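Structure first, commentary second.
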Amino acid sequence: MWHRATMPDPGRRALLSGRVKPGPAPIRPPWTDEARIAIACDGCAACRDACPEAIIRIGDGGYPVVDFLAGNGACTFCGDCARACPADVFGHIGLPAWSLAVSVDDGKCLPAKGIHCETCRDSCDMQAIRFPPRLGGPPVPIVSSADCSGCGACLSHCPTGALSAAYSRETMSP
């Protein structure tokens, strides 16, 4: 077992499990990041229990992760997870929750294959997903990172799982 102040090395875990490259960094609950989790999280699961959307689960090492495919599939940024935490894991709720970038996998996206679908746009309250007209086929989605809140609603509604969220390259954590 490792000390709570050190997170498991995803590269080493990947190597030991037979994967050469580790997957993307886990998405932590809003207003927190890897450093805060490593230093202050004791794994009590209060954030998970308090989440009204049921999108927080306990991941590797007993630390909370956001799973947009669970529960109601979107974060409403209500702050219940942060208020329930007895430790100093969460930052100020008034600040932006995180810096997630949503991307579209054209290999899985129905419009990219010539099939009309706008489910992701219909589920996006922020109107961050647009479908500009396209000659020769249905419009394909374009995600505006400036308008996207990172709530995850589009991910849970996509029928083919063509959307994914990860921390933006600029920040790599919230």
Side-chain angles (χ1 to χ4, degrees), residues 10-11 13-15 17-34 37 47-48 51-57 59-60 63-82 90-174:
R13 291 183 69 101
L15 177 66
S17 65
R19 296 179 312 222
V20 176
K21 291 183 180 180
I27 298 172
R28 299 298 180 190
W31 306 290
T32 193
D33 58 26
E34 291 294 326
I37 295 266
C47 57
R48 178 200 63 198
C51 180
E53 304 305 320
I55 60 169
I56 298 176
R57 64 176 175 80
D60 286 347
Y63 296 112
V65 294
V66 172
D67 182 355
F68 290 120
L69 301 180
N72 292 330
C75 182
T76 60
F77 307 108
C78 66
D80 288 356
C81 55
F90 292 85
H92 188 269
I93 295 174
L95 296 175
W98 47 40
S99 181
L100 293 178
V102 173
S103 60
V104 180
D105 179 346
D106 288 339
K108 295 180 181 177
C109 183
L110 292 175
K113 295 179 176 189
I115 302 166
H116 186 82
C117 176
E118 296 183 6
T119 305
C120 57
R121 182 197 64 193
D122 295 343
S123 64
C124 182
D125 290 340
M126 301 303 295
Q127 298 178 351
I129 303 174
R130 295 178 180 82
F131 282 80
R134 174 175 80 128
L135 289 175
V140 294
I142 296 178
V143 181
S144 167
S145 60
D147 296 327
C148 179
S149 68
C151 73
C154 59
L155 280 74
S156 63
H157 286 94
C158 179
T160 62
L163 299 168
S164 62
Y167 292 114
S168 66
R169 293 189 192 276
E170 296 85 43
T171 59
M172 291 306 288
S173 67

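All values derive from a computational prediction rather than experimental measurement. All residue numbers in this chain count up from 1 along the given sequence. Any value given below was found using the heavy atoms of this structure, including those in side chains, with hydrogens, waters and symmetry copies removed.
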Side chain to side chain, [X] and [Y], heavy atoms closer than 4.5 Å:
{"X": "Pro159", "Y": "Thr119", "result": "yes"}
{"X": "Leu100", "Y": "Phe68", "result": "yes"}
{"X": "Ser144", "Y": "Arg130", "result": "yes"}
{"X": "Pro96", "Y": "Phe77", "result": "no"}

Steps toward side chain to side chain contact (heavy atoms under 4.5 Å, CB included) verdict (Arg57, Val65):
CA-CA 6 Å; Arg57 64 176 175 80; Val65 294; 3.6 Å; yes

When you measure from the side chain of [X] to the backbone N and O of [Y], does any donor-acceptor pair fall under 3.5 Å?
{"X": "Arg134", "Y": "Pro111", "result": "yes"}
{"X": "Arg28", "Y": "Pro64", "result": "yes"}
{"X": "Ser99", "Y": "Ser168", "result": "no"}

Looking only at heavy atoms, what is the nearest atom pair of [X] and [Y], with distance?
{"X": "Pro139", "Y": "Pro132", "answer": "CB-O, 3.0 Å"}
{"X": "Leu155", "Y": "Ala165", "answer": "CD2-N, 3.7 Å"}
{"X": "Met126", "Y": "Asp147", "answer": "CB-O, 3.4 Å"}
{"X": "Ile27", "Y": "Trp98", "answer": "CG2-CZ3, 4.1 Å"}
{"X": "Trp31", "Y": "Leu95", "answer": "NE1-O, 2.8 Å"}
{"X": "Ile56", "Y": "Arg48", "answer": "O-CG, 2.9 Å"}

Between [atom1] on residue [X] and [atom2] on residue [Y], distance to nearest 0.5 Å:
{"X": "Gln127", "Y": "Asp122", "atom1": "CD", "atom2": "CG", "result": "11.0 Å"}
{"X": "Phe90", "Y": "Asp33", "atom1": "CZ", "atom2": "CG", "result": "11.0 Å"}
{"X": "Leu163", "Y": "Cys154", "atom1": "CG", "atom2": "SG", "result": "5.0 Å"}
{"X": "Cys81", "Y": "Glu53", "atom1": "SG", "atom2": "CD", "result": "11.0 Å"}
{"X": "Thr76", "Y": "Ile55", "atom1": "OG1", "atom2": "CD1", "result": "7.5 Å"}
{"X": "Ser156", "Y": "Asn72", "atom1": "OG", "atom2": "CG", "result": "8.5 Å"}

Worked check of side chain to side chain contact (heavy atoms under 4.5 Å, CB included) between Asp106 and Val140:
CA-CA 9 Å; Asp106 288 339; Val140 294; 5.6 Å; no

